[in-house]
Every structure is written in C-alpha cells, then in structure tokens.
Number of protein chains: 2
Amino acid sequence: MVDRPSLSKGEMAVARALWEVGPATVRQVHEKVERNEPMSFVTVQTYLRRLEAKGHANSRLDGRVRIYSGRSRPGTVIRSTVNELVDRLFGGDSLPLVRHLIEERGIDESGLAELRELISRLEAEMAPSGRKPS
Amino acid sequence: MVDRPSLSKGEMAVARALWEVGPATVRQVHEKVERNEPMSFVTVQTYLRRLEAKGHANSRLDGRVRIYSGRSRPGTVIRSTVNELVDRLFGGDSLPLVRHLIEERGIDESGLAELRELISRLEAEMAPSGRKPS
DNA sequence: GCCGAATAAGTACAAATGTACGCGAAAGAC
DNA sequence: GTCTTTCGCGTACATTTGTACTTATTCGGC
C-alpha cells in the first residue's frame, strides 16, 4: 500500500465531500462542500488538483468537464490520520483518546449500546485465550 | 478561557516534551524530544519561542538560560486538537473515531474493562432521565 | 456564426510550518 | 585576562497550506 502524503485541513474537507458524492465534477463537489462551509469554486478546484497530485484522487476529462473520483479509500486516510494524531498527542496510547472522546464529546444512547457490544465482543475474543491484541 | 491558536505537528511534539519535563531549559526539552525523534537543538528553540508566542508557554530568563514552562494545560490543548480532528474527519460525529480506535489500535484487557465501566456509568447517567448529552 | 455562461488550467501570493544558520554575549577553563 | 564553549536571539528560507484571480476554451442558445 502506497504511503501517500497526509491531508491538510482543507484538503480533508474536500476529500470528504468527494467520498460522499462519489465520482463527480468540481461543481458537484463544490456544492457538497458548501453545505458545510463556504469555499470558492476555484478553491475546491485547487484542492482537487492537489488531491490528485498526492495520489488521493483520480480524474478524467469527460467531454468538457473533469470528473474526479476518490482513490484512497476513506478508511485508509482516516486510519493514518488518526494514527498520527494518537502518536503525536498521546505517545501512541489510544486509550486516553477514547476516554476523552467518550467523556467529552457526548455519544448518544445507541452509540453507547454499540460500544458496549463492541467491547463485549473484543473481551470475548481475547479473554479465553488470553491473547493480547497485536 | 483564551482560545489560543492550535498547534502544528512539530509544535505539539515539543509541547508534549515540555509538559513532561516541566519547567526546563531548551536543552532539557531538547533532550526529552530527542528520546522520540531527532530534532536539532535550534529547532526546538524555535518551537519553544513559537509556543510562547502562541500563548502556550511562558519563559523567564534565569541568569543566562531561559526557562520555559507550559502554560496551557495539556488537557485543554488536547481537547481542542481532538475536537478539530473529529470535526474534520467525521463531521463532528465522534462515534466512528471511537469505533476505529477500539477496533484498530488494540486496547488491552484492563483498558477494555475501564471502558466498559465508563460506558455503564454514562448509560446510568442518561437513561433514567432520558437526557441527551449536550 | 456570435454571445454569454461555465469550466479547466495556469498562476499568484500571503501565512504557517519545518528546519536551521550565525552572531554576539556570557561563563567557565586555564 | 584571553580562549573556548554554550546559549539566546534575530534572521533566513524552502515548502506547504489556504485562498483565490485570470485567461483561454468550449458549449449551449439565439
């Protein structure tokens, strides 16, 4: 798996929009982005170009318009971004971050239920054999 | 609470070192940083100066050496950094990040136990009144 | 076949970031 | 009291990021 450069704030916003709308023209991505924050059309254009340069997007010219599509999958990008953050902020230990998120950012009831289940599953997975997570 | 500019990658590394060693000279901070990654002494100096400029550190001249000390407390900085990340990466919804962290980064058994407890507490807190988290 | 709207693509440019040099002052060695 | 080492501090500078204008091109309507 190629290790593409990580994304900056603005790039991330555009990338997210692109992931959500799927292959799309600049205009469509722009519209998506603007639902969250104001950003000039040309700025979106620039970000898309940069995303492509960094290998996070592909594009092809369809007649007169350029169609961009995501290349890295969200999961991958998110993973490396998060990993970077965890390393940087907590020296690689993710528990404090999880604690922080749960405590400070409010997760609703169904979210809590889901987490409870997830935790049970993991405990069940490791307890019998006593295996540690890799 | 003043809203200080957020920290960049490098600044964060130095800030963490500063928090850990407590009030210290550039040299001491540098030594701490270098335990994790190589970074030139003067670079650390620069980061410390920038941290002070951004209001995250204080310093005083003690004779000939400058003693830096953390100003913002780690919790505060971490909170805003994490919040920013969650907004950018998940549009403000922290659950996916939590899920990701728990699933992908391996939390050990005692960590899981702690989380389970935390979740129970929160569920107990909100269930009776049906109150949603702010 | 000309006009305006839309678009791609090049370019611009200030701010932030990463990384560091060099000078002058101070402190200790001798 | 000079020499050397150690610092602080100002400065530097390339790269990345944030944000956008401009120019040339094309398409659809008249």
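A note on names: the letters A, B, ... follow the listed sequences, proteins ahead of strands, and every chain is numbered from 1.
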Trainee: Any ion pair linking B:Glu52 and B:Arg71 (charged N to carboxylate O, less than 4.0 Å)?
Mentor: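 Salt bridge absent between B:Arg71 and B:Glu52.
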
Trainee: Could you tell me whether the side chain of B:Asp108 and the main chain of B:Gly111 form a donor-acceptor pair under 3.5 Å?
Mentor: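 Such a contact is found between B:Asp108 side chain and B:Gly111 backbone.
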
Trainee: Distance-only criterion, 3.5 Å: show the donor-acceptor pairs between side-chain atoms of residues 36-49 of chain A and protein atoms not counting sequence neighbours.
Mentor:
{"residue": "A:Ser40", "atom": "OG", "partner": "A:Val42", "partner atom": "N", "Å": "3.1"}
{"residue": "A:Ser40", "atom": "OG", "partner": "A:Thr43", "partner atom": "N", "Å": "3.4"}
{"residue": "A:Thr46", "atom": "OG1", "partner": "A:Val42", "partner atom": "O", "Å": "3.0"}

Trainee: When hydrophobic residues are tied together by side-chain contacts of less than 4.5 Å, even through go-betweens, does B:Leu122 share a cluster with A:Leu118?
Mentor: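 Same cluster: B:Leu122 reaches A:Leu118 through Ile, Leu, Val, Met, Phe, Trp or Tyr contacts under 4.5 Å.
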
Trainee: Within residues 13-29 of chain B, which residues have any heavy atom lying less than 4.0 Å from an atom of DNA chain D?
Mentor: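 Nucleic-acid contacts, sorted: B:Val26, B:Arg27.
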
Trainee: Rounded to the Å, how far apart are B:Glu31 CD and D:dT6 C1'?
Mentor: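 These atoms are roughly 13 Å apart.
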
Trainee: Which two nucleotides bound the region of DNA chain C that has atoms under 4.0 Å from heavy atoms of chain B, read 5' to 3'?
Mentor: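 The contact span of chain B on DNA chain C goes from C:dT17 to C:dA27.
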
Trainee: Check whether A:Glu34 reaches the backbone of A:Glu31 with its side chain - one donor and one acceptor, N or O, closer than 3.5 Å.
Mentor: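 Flag not set: sc A:Glu34 to bb A:Glu31 has no pair under 3.5 Å.
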
Trainee: Within this structure, what is the CZ-to-P distance between B:Arg60 and D:dC7, rounded to whole angstrom?
Mentor: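 Spelled out: CZ on B:Arg60 to P on D:dC7 is 17 Å.
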
Trainee: So does A:Lys54 get a side-chain nitrogen or oxygen closer than 4.0 Å to the phosphate oxygens (OP1/OP2) of D:dT17?
Mentor: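 Answer yes for this pair, as a side-chain N or O of A:Lys54 is under 4.0 Å from OP1 or OP2.
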
Trainee: What is the separation between atom CE on A:Met12 and atom C1' on D:dG18, rounded to the nearest whole Å?
Mentor: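 Rounded to the whole Å, the gap is 15 Å.
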
Trainee: Between the protein and nucleotides 24-30 of chain D, list every N/O to N/O distance that falls short of 3.5 Å.
Mentor:
{"residue": "D:dC27", "atom": "O4'", "partner": "A:Arg64", "partner atom": "NE", "Å": "3.4"}

Trainee: Restricting to side-chain hydrogen bond (donor to acceptor under 3.5 Å, both in side chains), what partner residues turn up for B:Arg66, sequence neighbours left out?
Mentor: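 With sequence neighbours excluded, B:Arg66 shows a side-chain hydrogen bond (donor to acceptor under 3.5 Å, both in side chains) to B:Ser59, given in chain and number order.
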
Trainee: I'd like to check the side-chain hydrogen bond (donor to acceptor under 3.5 Å, both in side chains) partners of A:Arg99; sequence neighbours left out, ordered by chain and number.
Mentor: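 For A:Arg99, the residues satisfying side-chain hydrogen bond (donor to acceptor under 3.5 Å, both in side chains) (neighbours in sequence not counted) are B:Glu114.
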
Trainee: Check residues 15-26 of chain A and write down every donor-acceptor pair under 3.5 Å in which the side-chain atom is one partner and the other belongs to a residue at least two apart or another chain.
Mentor:
{"residue": "A:Arg16", "atom": "NE", "partner": "B:Arg88", "partner atom": "O", "Å": "3.1"}
{"residue": "A:Arg16", "atom": "NH1", "partner": "B:Leu89", "partner atom": "O", "Å": "3.3"}
{"residue": "A:Trp19", "atom": "NE1", "partner": "A:Ser72", "partner atom": "O", "Å": "3.4"}
{"residue": "A:Glu20", "atom": "OE1", "partner": "A:Lys32", "partner atom": "NZ", "Å": "3.2"}
{"residue": "A:Thr25", "atom": "OG1", "partner": "A:Arg27", "partner atom": "N", "Å": "3.4"}
{"residue": "A:Thr25", "atom": "OG1", "partner": "A:Gln28", "partner atom": "N", "Å": "3.1"}
{"residue": "A:Thr25", "atom": "OG1", "partner": "A:Gln28", "partner atom": "OE1", "Å": "3.4"}

Trainee: I'd like to check the side-chain hydrogen bond (donor to acceptor under 3.5 Å, both in side chains) partners of A:Arg79; sequence neighbours left out, ordered by chain and number.
Mentor: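 So A:Arg79 forms a side-chain hydrogen bond (donor to acceptor under 3.5 Å, both in side chains) with B:Glu104.
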
Trainee: Under the salt bridge (charged side-chain N to carboxylate O under 4.0 Å, His left out) test, which residues partner B:Glu103, sequence neighbours left out?
Mentor: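 Residues passing salt bridge (charged side-chain N to carboxylate O under 4.0 Å, His left out) with B:Glu103: A:Arg121.
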
Trainee: Mind checking what makes side-chain hydrogen bond (donor to acceptor under 3.5 Å, both in side chains) contact with A:Glu84, not counting sequence neighbours?
Mentor: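 By the side-chain hydrogen bond (donor to acceptor under 3.5 Å, both in side chains) rule, A:Glu84 matches B:Lys9.
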
Trainee: With sequence neighbours left out, what residues match A:Arg64 under salt bridge (charged side-chain N to carboxylate O under 4.0 Å, His left out)?
Mentor: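 With sequence neighbours excluded, A:Arg64 shows a salt bridge (charged side-chain N to carboxylate O under 4.0 Å, His left out) to no residue whatsoever.
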
Trainee: If you take any heavy atom closer than 4.0 Å to DNA chain C, which residues from residues 39-52 of chain B end up in contact?
Mentor: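 Those residues whose heavy atoms fall under 4.0 Å from DNA chain C, taken from residues 39-52 of chain B in numerical order, are B:Ser40, B:Val42, B:Thr43, B:Thr46, B:Tyr47, B:Arg50.
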
Trainee: Below 4.5 Å, heavy atoms only, C-beta onward: do A:Val65 and A:Leu61 meet side chain to side chain?
Mentor: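 Side-chain contact under 4.5 Å: no.
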
Trainee: Between B:Asp62 (CG) and D:dG8 (C1'), how many Å, whole number?
Mentor: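 The distance from CG of B:Asp62 to C1' of D:dG8 comes to 14 Å, rounded to the nearest Å.
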
